Structures are given as C-alpha cells and as structure tokens.
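Here's the structure, in structure tokens; my notes come after.
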Amino acid sequence: MILVCGGTKGGVGKSTIAISLTILRAAQGKDVLLVDADDQGTASDFTAVRNETLSDSSGAGYTSIKLHGAAVRTEVQRLAQKYDDIMIDVGGRDTTGQRAALSIADIVVIPFLPASFDIWALEIMSGLLEEAHAFNDRLKAIAILNRADPQGKDNQEAAAVAKELKSLTYLDAPLGNRKAFRNAASQGLSVTELRPKDAKAIKEITNLYEKIFSIAN
Ligand SMILES: Nc1ncnc2c1ncn2[C@@H]1O[C@H](COP(=O)(O)OP(=O)(O)OP(=O)(O)O)[C@@H](O)[C@H]1O
Ligand SMILES: [Mg+2]
C-alpha cells in the first residue's frame with residue numbers, strides 16, 4: 001500500500017503521523033519504506049536520530065530514502081513491488097512532489113488542527129484532491145484532527161467542516177495535543193516506544209493506525 005501524509009498546510013503533524021504509522025507498520029513485521037519527499041528533511045533527520053537511539057538493537061526497523069519532485073512518482077512506482085508498504089511524507093505546500101505522491105497513492109491522510117486557518121487549508125486541499133482523483137481513482141482521502149483540544153467545541157466545529165468536504169472523508173480518530181508526541185519525536189521514537197508511557201497517546205495512535213489500515217485493506 002502507498003500512503004501519503006499530505007496537505008497544503010505546514011506544521012499540522014504530517015511528519016509525526018507518517019513516522020508513527022511507519023514504525024507501527026514495521027512493528028507488525030512489514031517491510032516498510034519511508035519516503036521523505038519534503039526538502040526540509042524531517043523524516044530523514046528523524047530516522048538518523050532513530051538509528052542512533054536504536055543502534056544497539058535492530059536500527060530504525062524500516063528503510064528511509066529522500067525523493068524530490070516528479071521522482072516521487074517514478075521511483076515509488078518502481079519501489080512499490082519491493083516493499084509491503086510505502087509511506088510518503090510531503091512538505092506542507094502544493095509542490096510537484098506532493099502532486100506526484102497523490103497521483104500514485106492508495107490513501108492520503110490529511111491532518112488538520114481545530115483552528116480556522118487549518119480548516120481553510122483543508123478546503124484548498126479539497127480542490128487539489130479533486131484534481132488528483134481525476135487521474136487516480138484509487139486514491140482515498142482521509143482528514144483527521146490532530147492536536148485536538150482536551151475539551152470544548154472547536155474540535156466538533158472543525159470536524160463538521162471536514163465532513164462537508166466532498167473529496168475527502170473525515171475519520172474519527174483524533175490525536176490530542178500531547179507532549180509525548182513531541183518528546184518521542186525528539187528521541188527518534190514513536191509514542192508507543194516512549195518511556196514513561198503516555199497511555200492516551202498510545203491509544204490514540206494505535207486507534208488511528210488500525211482505522212487507517214482497515215480502510216486501506
Ligand atoms: N498530537 C500532537 N501533540 C503535540 N505535538 C504535536 C502533535 N503532532 C505534532 N506535534 C508537533 O507539532 C510540530 C509539527 O509537527 P510535524 O512536523 O509533524 O508537522 P508537519 O505537518 O510535518 O510540518 P511541516 O509542514 O513543516 O512538514 C512538531 O513539533 C511536532 O512534534
Ligand atoms: Mg513535515
């Protein structure tokens with residue numbers, strides 16, 4: 001399966017989610033390729049830290065490469081036969097790399113925050129998805145709430161806007177705004193590996209993982 005963490009908004013959790021899903025998938029014994037299609041190199045930097053953190057054991061547990069622009073399409077198509085799953089992390093803008101990823105993906109996960117700028121960005125993304133669907137009818141587009149508030153109506157309001165958008169589906173699997181996600185990332189780990197454990201963060205990311213892979217299959 002080819003999964004993209006996408007969207008045209010920066011800083012919404014694309015890399016965090018791409019990395020987490022990669023680690024959870026690899027932990028299931030799958031041979032996973034993480035493609036860093038963002039020139040910022042977040043996923044690659046993360047993997048370098050991870051390889052150091054886990055240097056005594058098996059290392060990262062997945063393969064990571066960097067790709068840019070149209071090569072995201074051509075190389076991923078070639079590599080798709082060699083891996084069980086490919087996860088692509090793209091930059092938070094409408095780039096050639098993101099469009100290339102959308103043209104070959106089975107699923108795109110679009111995180112958004114419960115804030116108006118993010119919801120507007122989701123509407124813009126919806127237009128980009130309409131174009132992508134014209135030449136990739138396999139593509140399933142899923143929006144998920146990230147850094148959700150502990151309470152209050154902003155989460156529901158943001159989810160309601162996402163539910164209105166035609167070219168994507170709102171998946172009810174929010175991730176809360178939790179320090180554990182940041183702490184895990186800085187150590188090259190997923191929240192499932194972080195100690196001390198944050199049970200809520202683990203439950204949220206596991207729920208997201210299970211829902212996404214049940215849609216994908
Ligand atoms: N659920 C969460 N709770 C707390 N912090 C989070 C959560 N998700 C992401 N973050 C933090 O928010 C910041 C942005 O996340 P991330 O880098 O994953 O976003 P991005 O969409 O990939 O950004 P960019 O567009 O720059 O690539 C990071 O510091 C990350 O650790
Ligand atoms: Mg990123």
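Just so you know, ligand 1 is whichever comes first in the structure, and atom 1 is the first atom listed for that ligand. Just so it is clear, the model here is predicted, and its values are computed rather than measured.
Residue contact check: Asn177 has heavy atoms under 4.0 Å from atoms 3 (N), 4 (C), 5 (N) of ligand 1. Within ligand 1, the atoms closer than 4.0 Å to a non-hydrogen atom of Gly176 are 1 (N), 2 (C), 3 (N), numbered from 1 in the order shown.
When only modelled atom types and interatomic distance are considered, Asp89 and Ser15 share a side-chain donor-acceptor pair under 3.5 Å. Side-chain contact check for Ser20 and Ser190: no donor-acceptor pair (N or O, by modelled atom type) lies under 3.5 Å. Side-chain polar atoms of Ser103 and Arg73 form a donor-acceptor pair below 3.5 angstrom.
Under the 4.0 angstrom criterion for non-hydrogen atoms, Val12 is in contact with ligand 1.
For the pair Val32 and Ala26, the tightest heavy-atom approach, listed with the atom from each and the gap, is CG2-N, 3.8 Å.
Distances between N or O atoms of Thr16 and those of ligand 1 include at least one value under 3.5 Å. Here's the thing with Ala185: none of its N/O atoms is less than 3.5 angstrom from an N/O atom of ligand 1. Considering backbone and side-chain N/O atoms, Lys179 never comes within less than 3.5 Å of an N/O atom of ligand 1. Residue-to-ligand polar distances keep Gly10 apart from ligand 1: every N/O pair is separated by 3.5 Å or more. Residue Ser15 places at least one N or O, backbone or side chain, under 3.5 Å from an N or O of ligand 1.
Between the side chain of Asp38 and the main chain of Gly41, no donor-acceptor pair closer than 3.5 Å is present.
For the Mg ion (ligand 2), the N/O/S atoms of Ser15 include one lying under 2.8 Å.
Distance remark: protein heavy atom present below 4.0 angstrom from atom 2 (C) of ligand 1.
Heavy-atom proximity to atom 5 (N) of ligand 1, evaluated over Arg93, Arg182, Lys14, is greatest for Arg182. Ranked by closest heavy atom to atom 19 (O) of ligand 1, the top entry among Gly91, Gly92, Gly13, Ala43 is Gly13.
Taking atom 27 (O) of ligand 1 as the reference point, the nearest protein heavy-atom neighbour is Gln40 NE2, 3.3 Å.
Using a 4.0 Å cut-off between a side-chain N of Lys or Arg and a carboxylate O of Asp or Glu, Arg99 and Asp94 qualify as a salt bridge. With respect to the salt-bridge test (charged N to carboxylate O, under 4.0 angstrom), the residues Lys66 and Glu75 do not qualify.
Both the sub-6.0 Å distance and the 45° axial angle are not jointly satisfied by Arg25 relative to the ring of Tyr209.
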